[in-house]
Enquirer: 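Pasting a structure below so you can have a look.
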Amino acid sequence: MKLNKQQRRRIAAQQADKLAEGDASQSATVVCHLGYQLILEQYGALLTADWRKHSGDIACNDRVLIHRTDDSHAVVEAILPRHNALAKWQGRKAKTIAANLDQLLITIAAEPDWQENLIDRHLIAAHYAGIPAAILHNKTDLLDDAATAALEARLAPYQALDIPVYRASLQENGVPAALRDWLRDKQTILCGQSGVGKSSLIRSLKPDADIWIQAISEATGHGRHTTTNLRRYPLDDATALIDTPGVRGFALEHLDRAQILAACPDIREHASHCRFHDCDHQTAPDCAVLAALERGDIAPARYHNLLQLLANP
Ligand SMILES: Nc1nc2c(ncn2[C@@H]2O[C@H](COP(=O)(O)OP(=O)(O)OP(=O)(O)O)[C@@H](O)[C@H]2O)c(=O)[nH]1
Ligand SMILES: [Zn+2]
């Protein structure tokens, strides 16, 4: 059902009243959005919750005001204001998948094989969510010296962008101290292909992760259905990890060329000096991007990856 302006205004006003009432209701954090049901955490305990039709697009890690209906169930009255939100786009339609994030961690590994394109899409999504990103290169134990050098060379252009790159063998050595520090007191969304080691990272940092997963399954009453939904893992009062099973990457079709370029800090400056506003950065005359590439001011890999993204957002 589509709402008219007046109905939307009335709902917004009702939600504002609820927010103002504050402690008449109580707040909780969204652990998991199952589509038909929400799993919330309040004071360490899990609740199932329904929401009113027009509360808005509730996402994992949202803070919500609730009305408890019994010990294990609640109704969401309103979404508390968000710092930010990460959306996944399908064509021109956006779906918020997580809110109130501080940073994004992309994990890659020797296996499964990965493409720069995957990292680039995550960096652009992070850029538009207004959060910094870092890369975790896991399973270093699988690489010999030559393979390590080759992989490091692929990651060098990202390090040149001041994106932290952490290296780990989670299985053999656990979580490196520098990565622990980076994650501390932050709400971090964990991205990466299936099998790179996201669960291993969560289990290393949250020894009771399996108990938490079990508790979520019990709350839903639907066994293991939650495995393809985003899930929040609290580590302490200020730290949480948000796992993203089933999020295969970020389509960028909703962005135009300029917006994609704007999210590439190493290239956008040069692009602003191209002779033509709509320069293709390939064959057009007086292309400042090509000139910078020839001077060595843009990493060839970054240039080629950008062309690929522009051709296939
Ligand atoms: N060799 C090696 N294997 C690892 C390492 N870390 C994790 N693995 C293995 O890689 C496989 C996938 O790890 P997970 O942690 O389940 O990966 P994931 O990203 O959570 O994958 P999904 O659960 O499918 O999303 C498991 O068999 C792990 O034991 C590592 O440092 N070295
Ligand atoms: Zn150009």
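Worth knowing before you read on, the calculation uses all heavy atoms, side chains too, and leaves out hydrogens, waters and symmetry mates. Numbering starts at 1 and runs along the sequence shown. Whatever order the structure lists ligands and atoms in, that order sets their numbers, starting from 1.
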Enquirer: Does atom CG of Asp145 have more than 12 heavy-atom neighbours from other groups under 6.0 Å away?
Expert: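 It does not: Asp145 CG has 12 such atoms or fewer within range.
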Enquirer: As a test of reading the model: which residues have a non-hydrogen atom less than 4.0 Å away from ligand 1?
Expert: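 Ligand 1 pocket, heavy atoms under 4.0 Å: Asn138, Lys139, Asp141, Leu142, Ser169, Leu170, Gln171, Gln193, Ser194, Gly195, Val196, Gly197, Lys198, Ser199, Ser200.
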Enquirer: Main chain of Ile58, side chain of Thr96: is a donor-acceptor contact present, judged purely on distance under 3.5 Å?
Expert: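 Side chain of Thr96 to backbone of Ile58: no pair is present.
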Enquirer: Is it the case that atom CD in Gln103 sees more than 12 heavy atoms from other parts of the structure closer than 6.0 Å?
Expert: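 Atom CD in Gln103 is packed in, count exceeds 12.
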Enquirer: Verify, without hydrogens or angle tests, whether Tyr166 (side chain) and Val175 (backbone) share a donor-acceptor contact under 3.5 angstrom.
Expert: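 A pair under 3.5 Å: no.
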Enquirer: For the side chain of Thr244 and the backbone of Leu190, is there at least one donor-acceptor N/O pair under 3.5 Å apart?
Expert: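 Judged by distance alone, yes, a pair lies under 3.5 Å.
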Enquirer: Just how far is it from atom CZ of Arg121 to atom CD1 of Ile260, taken to the nearest 0.5 Å?
Expert: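 Here the interatomic distance stands at 8.0 Å.
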Enquirer: State whether a side-chain donor-acceptor pair under 3.5 Å links Tyr158 with Asp120.
Expert: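 Note: Tyr158 and Asp120 side chains meet the donor-acceptor criterion.
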Enquirer: Could you check if a side-chain atom of Glu41 sits within less than 4.5 angstrom of a side-chain atom of Trp212, using non-hydrogen atoms only?
Expert: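 Sidechains of Trp212 and Glu41: in contact.
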Enquirer: What is the number of protein N/O/S atoms located under 2.8 Å from the Zn ion (ligand 2)?
Expert: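 Of the protein's nitrogen, oxygen and sulfur atoms, 4 lie under 2.8 Å from the Zn ion (ligand 2).
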Enquirer: For Asp71, I'd like to know if atom CG has over 12 heavy atoms of other residues, nucleotides or ligands within 6.0 Å.
Expert: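 Not more than 12 within 6.0 Å, no.
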